[in-house]
Amino acid sequence: SSSADGIRRAKLARLALAAAVVCLGLGLGLGLPSERRPSGSCPASISGGLSGVLGWTYFAAWSASFYPQAIQNYVRRSVVGLSFDFA
């Protein structure tokens, strides 16, 4: 049925968005240079890398949390229900 297909597509879209957020966080966290650590400080380097990955993943997830409202407004061609606190 079409409603089951719609539900499946919505779940797939959410999964794709979650995967994109994680990939973006990993890419930025591992790809961007972090501050230099003295040599021989492996645990600090691991924690610095982990901190970068988690920070960028959080930033990507926070940014993506604003997209559904904008997409919904575009599809409806209306700003009814738009919260100006988040605009």
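Atoms considered below: every heavy atom in the structure, side chains included; atoms not considered: hydrogens, waters and symmetry mates.
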S.K.: What distance separates Asn73 CG from Gln69 CD, expressed to the nearest 0.5 Å?
M.R.: 4.5 Å
S.K.: Ignoring hydrogens, what is the shortest heavy-atom contact between Ala61 and Val21? Give both atom names and the distance.
M.R.: N-CG1, 3.6 Å
S.K.: When rounded to the nearest 0.5 angstrom, what distance separates NZ in Lys11 from CZ in Arg14?
M.R.: 7.5 Å
S.K.: At what distance, to the nearest 0.5 angstrom, does CG of Leu17 lie from CG of Leu24?
M.R.: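 Rounded to the nearest 0.5 Å, the CG-CG separation comes out at 10.5 Å.
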S.K.: How long is the span from the CG atom in Leu26 to the CG atom in Leu54, to the nearest 0.5 Å?
M.R.: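 That separation rounds to 9.0 Å.
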S.K.: With sequence neighbours left out, write down each residue that passes ring pair (Phe, Tyr, Trp, His ring centres under 6.0 Å) with Phe59, or none if nothing qualifies.
M.R.: Trp56
S.K.: Just to verify, what does Leu15 make a side chain to side chain contact (heavy atoms under 4.5 Å, CB included) with, not counting sequence neighbours?
M.R.: none
S.K.: Should Val79 and Ile71 be regarded as members of a common hydrophobic cluster, given that ILVMFWY residues are connected when their side-chain heavy atoms come within less than 4.5 Å of each other, either directly or indirectly?
M.R.: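 Different hydrophobic clusters.
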S.K.: Between Arg76 and Tyr74, is NZ or CZ placed under 6.0 angstrom from the six-membered ring centre and within 45° of the ring axis?
M.R.: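 The answer is no, since Arg76 fails at least one limit relative to Tyr74.
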